[in-house]
**Q** 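What follows is a single structure, and I will ask about it in a moment.
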Amino acid sequence: MPVSRSRRPPARSNTRSFASRRATCSGPTSLRHRLPGPRVFWADEIAAAARGPQVVNDSKTPSGTVHVGSLRGPVVVDTIARALRRAGVPVELRYGVDDLDPMDAQALLTPDAIDRYMGVPLGHVPDPVGDCHASYARHFAQAFIDTFDGLGIRPDVYYWMSEIYASGAMDRYIRAALDAAATIRDIYRRVAHVDHPDEWHPLFVICTSCGRIGTTIVTGWDRASGTVRYECRPDLVDWARGCGHAGTASPFGGRAKLPYNVDWAAKWDLFGVTIEPAGKDLSTRGGSRDRSDAIAREVFGNEPPMNVPYEFLNIGGRKMSTSRGLGASATQVADVIPPEQLRTLFLRPRPKVAIEFDPDGTDAIPRLFDESDRLAAATAGREVRGELPADHERVFAYSLVEPDADIATEAAAYRPPFAHLALLEQVPGVDVAERVAAEKGSTLTAREAEILDERRHAARAWLEAYAPERARMSVVRDELPVAVAALDDGQRAYLRALRDALAEAAWNGDAVQGAIFATAKARDLAAGRAFAALYAAFLGRDSGPRAGWLLAALDREFVLSRLVEASA
RNA sequence: GGGCGCCUAGCUCAACGGCAGAGCAAGUGACUCUUAAUCACUAGGUUCGGGGUUCGAAUCCCCGGGCGCUCACCA
C-alpha cells in the first residue's frame, strides 16, 4: 500500500553535466574559444540538467528570529528557481512553514509561559510580542516572509503545515507510516543508528488533555478503528514536561503530525517535489536527508528529489551564533548589507563551499560592495580590472532583488564606492547627494538616488557597528593632536602660511582646497607633506578626506587658531 | 567515532589536466584639485607534507597533517 502517485522524472541525471563544454567544435569560433574556459554558474548548471517541469521546495520552522546564516538556503532555492525559469523550464517554488512543530526553545517565552507552552505546537502558542498575530508561529513566520520578500525571494506558494494536516491531505501518509512502523523503526536503526523501542510509532499526537505535541509517544495503532493509543509522558524529552495523560485518539485531520523525516518524505510525494536543497546539518550521512530518502523509497515508494547540499556562513572562522552579539540577526545585518549585496555574498561561491565572512573591524563589507560594483560594471560592458567569476553577468543578474529588472539598466546605474561614501558621511556639513552627483558628472536618476540612500544608510550603520578604527575619523577639537609633534619645520611654516592665506580666502571647499595647493606650491612643499601636516593638525593622523572640504565644513576661527597652534 | 568542506601571495579568493593569477593590503612614483580618490609601476609563491598516474598535476588517485563545520536527541 505504498502511497505513490505518478510523478515527473526527477531532475537529477548528473549534476556535473558539462554539456556546454563538451559541445563539439562545430559551433562558432567564439564558442570554441570559450570551451576550456571557466565552468558555468552553478545554478545554471543545475537548470541545464533539469528534465521536465520542476517543483522546488524548502521549509522552515518558525521558532524564532532568522539569523543571516540561515538566509543562504532561501537564496540558493530562489536562485535555482530563477535559473530554471530562465532556461524555460516550468517551475513552482514552494515554501513550507512547519508550524505544527513543538515549541522547544524558551528564550522567547516569559518565565510563566515556559511551563505552559514548551512542547505545544508553535501554531498554538500565543504571539510573544502582543496580539498582532494569531500565534507565535504566525509572528515569526511573518518576520521571515518579510525578510525573504525584501531579498526578492518570492515563492509561488507559502503553505502552512497546520493547514495541510487539517485538510486531511496528510492522512494517507499517516496511515501508511503507521502501517509501516516496523520498517521505519528499522530505517532509523539502519541508516541513523537511532534505536526506538518496538512500541514506538512514527507519529506525534497533540495531547487531547494538555495540547502538547512534543511530549507524546504513540504506542499502538488500530487499523480497523483508525485510532492510536498514545501517552503524554512527563519525562519523554528533557525540554518539556508532558501531562501524563494516556488515551486513544484519531490521528487524522490535524490531530497529529509525522516525525520530521517522515513528514519530509510525505511532502515530497504530496507536492511532487523534484529539487530540495538542504543545509549540511541535514545532508550529512545518516542525517535527516538520508533517513527521509530511505523513507521516501521504502515506505512511500517514491524517489526522493535532487538534493543541493549547501554549507553555512561562518563569521571569523566560526559558525554564527546569536550569542556572539553583533550582526547575528538578519535584520541587523540587513541594515549594513543591502539585499543585492547580501544575495551576491550567498550566490557567488558554489553552495558546498563555506562562506567566511567577518565584518567586525575589517573591510569585508566595503569589499563586498566593491565586488558587487565590479560585477555591475563588467555587466554594463565597462572595463574592470582583475579577474571575474565564471559567468559574472549571471551572478550579477541573480543578485538583483527584482527578478524581472532590466539587467542592462541596473548594471549601468551609478554606484558610489562604499568606502568613499563612508568618508563623506563623516565630514561635517558636506552635501553628500550633491557631492556624489558631481562625481558622477550628471544628475542622479531616481534609481541611482535610491541606491545612494541605501548605501548612505549602510555606510552609517557600518561605521557605527563594524568599521575598523582607521576608517573612522573625527576632528580633534579640544586639544592639539599629539601627531603634531612629529611635524618638521617646513610643515610648520606651511601651516603658518596657510593660516594667512585662509584668513582671506572665501570659505568654501573649492577655495580652501585651492589655497592649500597654492600655498604648498609657493613654499615648494610637496603636496603630500602639506596634506599630512593638515591631517595631523586636525585629525591627529596622516591621511584623511579631501582637506579643503573638511576645513571649510569647520568653523573658520577654529581652523585659523588651530593652524597657529600647530605651527608653533 | 561518521560525514562534508577547506588548506594557493600578508588577507580574501580564482585557476578544476596545459605558462600559478586577481582584488585588497604593502612599496615606489605621478597628480595646482576625488591626497583614504585616480593613474602607472614594483615586490611578494616549494600551491600543507609525502608518494603515485601523466608528455604535463594546484587540479586526478593513495597515505599523512592541520583547520572548520556538522551528525550521532528533536526538528
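Letters A, B, ... mirror the listed sequences (proteins, then strands); counts begin at 1.
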**Q** Where the side chain of F312(A) is concerned, which of rU35(B), rU32(B), rC69(B) is the nearest nucleotide?
**A** rC69(B)
**Q** Rounded to the nearest angstrom, tell me the gap between atom NZ in K352(A) and atom P in rC6(B).
**A** 8 Å
**Q** Can you tell me the pairing partner of rG10(B) across any strand shown, Watson-Crick or G-U wobble, with both distances under 3.5 angstrom?
**A** rC24(B)
**Q** Salt bridge or not between R348(A) and E371(A)? Use side-chain N to carboxylate O under 4.0 Å.
**A** yes
**Q** Look at the side-chain N and O atoms of R291(A) and state whether any lies under 4.0 Å from the OP1 or OP2 oxygen of rA72(B).
**A** yes
**Q** Y398(A) vs D391(A), test: side-chain hydrogen bond (donor to acceptor under 3.5 Å, both in side chains). Steps then yes/no.
**A** CA-CA 11 Å; Y398(A) 290 132; D391(A) 287 342; over 6 Å; no
**Q** Under a 3.5 Å cut-off for both contacts, is rG1(B) paired Watson-Crick or G-U wobble with anything, and if yes, with which nucleotide?
**A** rC71(B)
**Q** What integer distance in Å separates L423(A):CG from rU38(B):P?
**A** 12 Å
**Q** Evaluate side-chain hydrogen bond (donor to acceptor under 3.5 Å, both in side chains) for S399(A) paired with E340(A), printing each intermediate quantity in order.
**A** CA-CA 5 Å; S399(A) 294; E340(A) 184 179 319; over 6 Å; no
**Q** Rounded to whole angstrom, note down the C1' distance from rC60(B) over to rU54(B).
**A** 10 Å
**Q** Classify the side chain of S63(A) and the base of rA75(B) as holding, or not holding, a donor-acceptor pair under 3.5 Å.
**A** no
**Q** Quick check: any donor-acceptor pair below 3.5 Å linking the side-chain of S283(A) to the base of rG3(B)?
**A** no
**Q** With rounding to the closest Å, how many angstrom separate the P atoms on rU70(B) and rC11(B)?
**A** 24 Å
**Q** Could you let me know what rU34(B) is paired to, Watson-Crick or G-U wobble, both distances under 3.5 Å, or none if it's on its own?
**A** none
**Q** Between rU34(B), rC16(B), rU35(B), which nucleotide has the shortest distance from any of its atoms to the side chain of R350(A)?
**A** rC16(B)
**Q** What is the distance, rounded to the nearest whole Å, between atom NE2 of H392(A) and atom C1' of rG23(B)?
**A** 15 Å
**Q** Distance check, P atoms only: rA14(B) and rG5(B), in whole angstrom units.
**A** 14 Å
**Q** Round to the nearest Å and state the distance from D281(A) atom CG to rG3(B) atom P.
**A** 18 Å
**Q** Over how many whole Å does the gap from F531(A) atom CZ to rC31(B) atom P extend?
**A** 14 Å
**Q** Sticking with atom C1', work out how far rG64(B) lies from rA9(B), rounded to a whole angstrom.
**A** 26 Å
**Q** Hey, does the Lys NZ or Arg CZ of R291(A) hover above the aromatic six-ring of W264(A), less than 6.0 Å from the centre and inside 45° of the axis?
**A** no
**Q** Think H196(A) has a side-chain N or O under 4.0 angstrom from the OP1 or OP2 of rC74(B)?
**A** yes
**Q** Identify which nucleotide among rC6(B), rU32(B), rU12(B) has an atom closest to any side-chain atom of R367(A), counting heavy atoms from C-beta outward.
**A** rU12(B)
**Q** Flag the pair R343(A) / S372(A) as yes when at least one side-chain heavy-atom distance between them is below 4.5 Å, and no otherwise.
**A** no
**Q** Between rC74(B) and rC67(B), how far apart are the C1' atoms? Round to whole Å, please.
**A** 29 Å
**Q** Does the ring of F517(A) meet both stacking tests against the six-membered base ring of rC33(B): centre distance under 5.5 Å and plane angle under 30°?
**A** yes
**Q** Which one is paired to rU47(B), where only Watson-Crick or G-U wobble pairs with both distances under 3.5 angstrom count?
**A** none
**Q** Reckon F204(A) touches a base, only the sugar-phosphate, or nothing at all at heavy-atom distances under 4.0 Å?
**A** sugar-phosphate
**Q** Using the closest heavy atom to pick a nucleotide of RNA chain B for each, name whichever of R472(A) or P259(A) lands nearer the 5' end.
**A** R472(A)
**Q** Considering only the P atoms, how many Å lie between rC39(B) and rG23(B), rounded to the nearest integer?
**A** 11 Å
**Q** Nearest whole angstrom, please: distance from the P of rC74(B) to the NZ of K257(A).
**A** 11 Å
**Q** Given that A354(A) and Y188(A) both sit by RNA chain B, which one's nearest nucleotide is further toward the 5' end?
**A** A354(A)
**Q** Tell me the partner of rG29(B), counting only Watson-Crick (N1-N3 plus N6-O4 or O6-N4) or G-U wobble (N1-O2 and O6-N3) with both under 3.5 Å; none if nothing fits.
**A** rC39(B)
**Q** Would you indicate what G548(A) reaches in the nucleic acid, counting non-hydrogen atoms under 4.0 angstrom: base, sugar-phosphate, or nothing?
**A** nothing
**Q** Write down the distance separating the C1' atoms in rG21(B) and rU47(B), rounded off to the nearest Å.
**A** 12 Å
**Q** Is D373(A) salt-bridged to R455(A), going by a charged N under 4.0 Å from an acidic O?
**A** yes
**Q** Is there a side-chain polar atom (N or O) of Q513(A) under 4.0 Å from OP1 or OP2 of rU34(B)?
**A** no
**Q** Suppose you measure atom P in rU34(B) against the same atom in rU38(B); what distance do you get, rounded to whole Å?
**A** 12 Å
**Q** CZ of R348(A) versus C1' of rU12(B): gap in Å, rounded?
**A** 9 Å
**Q** Could you tell me if the side chain of D263(A) sits less than 4.5 Å from the side chain of W268(A), heavy atoms only?
**A** no
**Q** Using atom CG of L282(A) as one end and atom P of rC4(B) as the other, report the distance to the nearest whole Å.
**A** 16 Å
**Q** Taking OP1 and OP2 of rC69(B), is either one under 4.0 Å from a side-chain nitrogen or oxygen of K280(A)?
**A** no
**Q** Taking the side chain as everything from C-beta on, heavy atoms only, tell me whether L71(A) gets closer than 4.5 Å to L342(A).
**A** yes
**Q** Now, which nucleotide makes the Watson-Crick or G-U wobble pair with rG18(B), with each of the two distances under 3.5 Å?
**A** rC55(B)
**Q** Checking all strands, does D98(A) fall into the base, sugar-phosphate, or nothing category for heavy-atom contacts under 4.0 angstrom?
**A** nothing
